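Some notes on the structure that comes next.
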Protein chains: 2
Amino acid sequence: MELRHLRYFIAVAEELNFSRAAERLHVSQPPLSRQIRSLEAELKVKLLDRNTQGVRLTRVGHAVLARSRKLVRDAESLRAEARRNREYRDPK
Amino acid sequence: MELRHLRYFIAVAEELNFSRAAERLHVSQPPLSRQIRSLEAELKVKLLDRNTQGVRLTRVGHAVLARSRKLVRDAESLRAEARRNREYRDPK
DNA sequence: CGGGCTTACGGTGTGCGTAAATATC
DNA sequence: GATATTTACGCACACCGTAAGCCCG
């Protein structure tokens, strides 16, 4: 599992539509679809219901979505803080 | 930035030695060294002091280490919870 | 010289894109 | 038949491992 999987999943969960999520991520649908499936496979959980006319989150999907958002936010925050401290290079 | 970068960094930070960290991760030193460098490049921060006789964390390195540990723990926790809820498949 | 990190250099796996297939309306 | 996701297929990039290079004791 990598952050990429979570970023992709969040996009689909928010758009509830693979096509729009793919646009937003600047990738095409097939890779997006595969990454979601691979995430579901690793977690051994179905995250989305691909029923007719649109996509819906499963119950577990909702829980994973919340945690994914937090993780990705925290990753952003890590990056931001690291860069913010750029000037504090060890004074040797 | 992916979780792999953080996992690698944590291993080096804990071992303070690329060789031992590589063993522990079941990869060889060169890939490990490159991933750390690429993380430093992305964050625009030096995380480690590779001075003679061993590796030391920079000040920023310590901060990033703490956040990395939390992130990786949270990722583990996400995976664990998802699997735990495996049985709660949507009752349709 | 010896231990340990980095650079060089190929090989391979994994993600990506285009195109075809499938499904539901 | 139109829209939307998935499968097929080939390619390219990025990670990996082996081997050579450096650096500091």
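Just so we're clear, the structure is a prediction, and the values are computed from it rather than from any experiment. Naming: A, B, ... by sequence-line order, numbering from 1 per chain.
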Please tell me which of S38(B) and Q29(B) maps to the more 5' nucleotide of DNA chain D, matching each residue to the nucleotide holding its nearest heavy atom.
-> S38(B)

Checking all strands, does S28(A) fall into the base, sugar-phosphate, or nothing category for heavy-atom contacts under 4.0 angstrom?
-> base

When rounded to whole Å, the CD to C1' distance for the pair E2(B) and dC13(D) reads 14 Å

Check every strand shown and say whether N17(B) touches a base, only sugar-phosphate, or nothing at a heavy-atom separation below 4.0 Å.
-> sugar-phosphate

Is E76(A) paired with R79(A) through a side-chain N to carboxylate O contact shorter than 4.0 Å?
-> yes

Among T58(A), V45(A), L48(A), which residue meets the side-chain contact (heavy atoms from CB on, under 4.5 Å) test with E40(A)?
-> L48(A)

M1(A) has an atom CE; how far is it from atom C1' of dT14(C), in whole Å?
-> 18 Å

Nucleotide dC15(D), atom P - distance to OH of Y8(B) in whole Å = 9 Å

Selected nucleotide, minimal atom distance to R34(A) side chain, candidates dG17(D), dT5(D), dG17(C) | dG17(C)

Rounded distance in Å - CZ (R20(B)) to P (dG4(C)) | 8 Å

Looking at the side chain of S33(B), which of dC16(C), dC16(D), dC5(C) is the nearest nucleotide?
-> dC5(C)

Going through the checks in order, is the salt bridge (charged side-chain N to carboxylate O under 4.0 Å, His left out) test met by R20(A) and E14(A)?
-> CA-CA 10 Å; R20(A) 285 195 299 272; E14(A) 286 179 357; over 6 Å; no

Atom-pair distance (CZ on R7(B); C1' on dC15(D)), nearest Å = 14 Å

Residue whose closest nucleotide on DNA chain D lies nearer the 5' end, H26(B) versus S19(A) | S19(A)

Send over the distance from Q35(B) CD to dG17(D) P, rounded to a whole Å.
-> 11 Å

R34(A) versus R37(A): any side-chain heavy-atom pair under 4.5 Å?
-> no

Value in whole Å for how far the P atom of dC25(C) lies from CZ of R50(A) = 17 Å

Among the nucleotides dT6(D), dC5(C), dT7(C), which one has an atom lying closest to any side-chain atom of P30(B)?
-> dT7(C)

Nearest-angstrom distance from the residue atom CZ of R4(B) to P of dG13(C) = 16 Å

Any ion pair linking R7(A) and E2(B) (charged N to carboxylate O, less than 4.0 Å)?
-> yes

Taking only the side-chain heavy atoms of F18(B) (C-beta and beyond), determine which of dC5(C), dG17(C), dC16(D) contains the nearest atom.
-> dC5(C)

